[in-house]
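Proteins get letters first, then strands, A, B, ... in listed order; numbering begins at 1 in each.
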Amino acid sequence: MFRNIFFKTLRDMRVSLFWWTLGMGLMSLYMMTFYPTIQESSAELQEYVDNLPDSMMALFGGQDTIDVSSIEGFLSMELFSFFYPFMTVVFAVMYGAGFIGREEEDGTLDVLLCTPIPRWRVILDKFAALVVFTLGVLAATYAGLIIGGVAVGIDDWDPGILLVGTLNMLPITLFFGALALCLTGIKGGRGLGLGVGFGFAAGSYLIFSLGELADIPRWLQQLSPWYYYRGIDVLYDGMQAGNVALLLGLTAVLVALGIWGFERRDVGV
Amino acid sequence: MIIQTEGLTKYYGKARGIIDVDLLVMEGQIFGFLGPNGAGKSTTIRTLLDFIRPTRGRATVLGLDSHRDMLKIHARVGFVPGELALYPKLTGEQFLHYMANLRGGVDWEFVRELADRLDFELERKIKSYSSGNKQKLGLIQAFMHKPELLILDEPTGGLDPLVRQEFYALLKEAKQAGQTVFLSSHNLPEVERVCDRVGIIREGRLIAVEEVAALKSKALRHLVIVFDGPAPVQDFINLPDVRDVSAVNSHLRCTVAGTLDAVVKQAARHTVVNMISEEPNLEDIFLTFYGKEANHVS
Ligand SMILES: Nc1ncnc2c1ncn2[C@@H]1O[C@H](COP(=O)(O)OP(=O)(O)OP(=O)(O)O)[C@@H](O)[C@H]1O
Ligand SMILES: [Mg+2]
C-alpha cells in the first residue's frame, strides 16, 4: 500500500470509497425498488410531469418526449440526467483540488517532493487514483441498479444499456476532477480549484440545461461540458464516441496543463 | 564542492527572501548556517532543493544544477524541512516505508538502528507523537538512505538534551563516513559544538563565513561569578576582553569576548562560590562584530 504515490493515495481514499460506494449502491437499489410503484401510477406521473413548468423540466434534465414510466425514462430523469453526475462531480472536484492542495496546505509536500519522484509523477499517480475511485463508485452504482432490478423482478429492461449509462458518467466526472487538479497545479491552495470546479460545474449545467428555454445561443451551450454528457439520451442512444473522446481529451489537456503549471511554480510559498 | 551558490537571490513578490548569497560548502564538512528568525535560512535551503526558484543567481548541489538535475540531487540528499509536516494518519513505520519505497535502496536494518538510537517507537500513529518524536521521524527519514548530503533545516527544535546528544553523535558518524552536512540553526552553541564552518545570514544576506574556531574567539559570553565576600570589581575592570563589569554584593557580572581564561585565573585568586556562563546570543555577536552596518555588507 505504500509502494508508490498511486497506492498510497488509494489507501488514503479507502474510507471515503467505502461510504461513497455504499451510498451510491444503496441509492441505486432504492430507486430500482421504487420503480414498480412508479410504473403503476404512470398515468398520473406522466400528467404531473407534463404539467411541470418547462423551466423545471429543463433544470432537472427532462424532456417532454421522455416516457417516465419506462425504466430508461425513469432512470434518465431521476438519476442520470443530473443527480448522479452531480454526486460524482462532488468527490471529483474535492479530490482534484485536494491532491496537491491539501498536501501543500498541510506542508507534507516538502517530504514528498524531496524524494527523487518527479512532480509530474505525483500528479499522474494521484489522478490515476481518482480514476480508480470513480470506477469503484460507478461499479457499486451499477451493482445497486442490477440487484434492485432483479429483486423487484423488472423484466422489460436491458441491463447492458444501464452499464453504458453508468459508465457515461466517467468522462464528465474526470473532466471536473482534472479541472480542479489543473488549477491547484498552476496556482496552489485548494480554494481556487474548489471554487472554480464547483462554480463551473453548476454554472455550465445551467447554461446547458436552460439553453433552449432561455434562448442561450447554441455555441454557448456547446462550451458547457454537460452538452457532451447527454445523460438524458444515453439510455436510448448509447454513448457517443465523439462526446466521450472530447471530454476525455479535455481531461487529458487539463491534467497536462496542471503538470506544466506545477513543474514550473514555487511550492509551499 | 558540494554546494555552491552564485548571487542566489529570492524575492517573494516584493518581499525579500535572500539577496546575493554566495555560498561554498566543501565535501565532508559539517556546515552550520546560522541566522535569526526570518534571515533566509529556509529560503536558501528550499532553493537548493528546487522547491522554489531563484529570482536571480544559480546554485549547484553535488556538482549538479539545482533546477535541471533536481531529481538526481534529491536521490542523493536527505532533508529535514524547517516546518516538518507528516501524514498524521500513518504510523511512523508506514511513513518510513513510504519514503523508503519512493527513494529505493533503503536498508531497513539501518532504519531500526536509527529508531533505537533515537529512542523512537515506530508503531504509533504520527498524530499521536509529540513534536519531538515527530522531529525524530523527520531525522530518521533524512538519514535512512545514507545520503551524500544531509540538508537539515533547524533539526533540533523540540528534541530533549539526551536525544540531541545522540543526534550530534549521528552527525559525527555521518562526517566520518564522508557525508556532508548542511545544518541551519539559530543556536550558536549548537553550531559551535558540531560544525566545522559557519555561514552567518542576516536579513537575507550572507554576512560572514568563518571557521568555527574563529567564531569562538569572537563569541561573547555573559558571566556571573559569585564570591564568598564582596565582589572584587577592581580586579576585573582592566582585564583584556572583559567589559560591562558590574557588581551587586557578592555577584560580579561581566561580558567576555573570546576565551574565559583570563577571567577564570583572576577569579581563582579569590574564593568562588558559583560561576554561571550564559550562552552567547546571536544578536550580540552581530552587533559587536559585524556592527549595525552588517545588513549593508554583502
Ligand atoms: N512564502 C513567503 N511569502 C513571503 N515572504 C516570505 C515567504 N517565505 C519567507 N518569506 C520571507 O523571507 C524571509 C526569509 O524567510 P525564511 O523562512 O527563509 O527565514 P528563516 O531564516 O528560515 O527563519 P526561521 O528561523 O524563522 O525559520 C522572511 O523575511 C520571510 O518573511
Ligand atoms: Mg526557517
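- Top candidate by heavy-atom pairs under 4.5 Å with chain B, chosen from R264(A), R265(A), R119(A), is R119(A).
- When heavy atoms are compared at a cutoff of 4.5 Å, L102(B) approaches chain A by way of both its backbone and its side chain.
- Salt bridge present: R46(B) and D110(A) bring a charged side-chain N and a carboxylate O closer than 4.0 Å.
- We find the CE-CG distance between M1(A) and N101(B) to be 11.5 Å, quoted to the nearest 0.5 Å.
- With hydrogens and angles ignored, the 3.5 Å screen pairs a side-chain donor or acceptor of D266(A) with a backbone N or O of R53(B).
- To the nearest 0.5 Å, the span separating CG on L86(B) from CG on L112(A) amounts to 11.5 Å.
- Contacts of R76(B) classified as salt bridge (charged side-chain N to carboxylate O under 4.0 Å, His left out), with partners at least two apart in sequence or in another chain: E148(B).
- By the 6.0 Å contact criterion, CD on Q222(A) is enclosed, its count of non-hydrogen atoms from other residues, nucleotides or ligands being greater than 12.
- Heavy atoms of Y87(B) lying under 4.5 Å from chain A belong to its backbone as well as its side chain.
- Within a 6.0 Å sphere centred on CZ of F34(A), other residues, nucleotides and ligands contribute 12 heavy atoms or fewer.
- Neither the backbone nor the side chain of I151(B) comes within contact range of chain A, judged by heavy atoms closer than 4.5 Å.
- I5(A) touches chain B through backbone and side chain together, each having a heavy atom under 4.5 Å away.
- Interatomic distance, CZ of F95(B) versus NZ of K8(A), reported as 9.5 Å (0.5 Å rounding).
- Heavy-atom neighbours of Y12(B) OH from other residues, nucleotides or ligands within 6.0 Å: above the threshold of 12.
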Could you please spell out the steps behind the side-chain contact (heavy atoms from CB on, under 4.5 Å) verdict for L90(B) and R11(A)? CA-CA 10 Å; L90(B) 302 192; R11(A) 185 186 180 279; 3.5 Å; yes
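- Annotation: the span from F79(B) atom CZ to L113(A) atom CG amounts to 10.5 Å, rounded to 0.5 Å.
- Closest heavy-atom contact between P81(B) and V111(A): CG-CG1, 4.0 Å.
- More than 12 heavy-atom neighbours from other residues, nucleotides or ligands sit within 6.0 angstrom of CZ on R117(B).
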Could you walk me through whether C114(A) and M99(B) satisfy the side-chain contact (heavy atoms from CB on, under 4.5 Å) test, starting with their C-alpha distance in whole Å, then the side-chain angles of each, then the deciding distance to 0.1 Å, before giving a yes or no? CA-CA 10 Å; C114(A) 81; M99(B) 287 293 117; 5.6 Å; no
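- No more than 12 heavy atoms of other residues, nucleotides or ligands shown are found within 6.0 angstrom of CD on E83(B).
- Contact check for P116(A) versus R103(B): side-chain heavy atoms found under the 4.5 Å cut-off.
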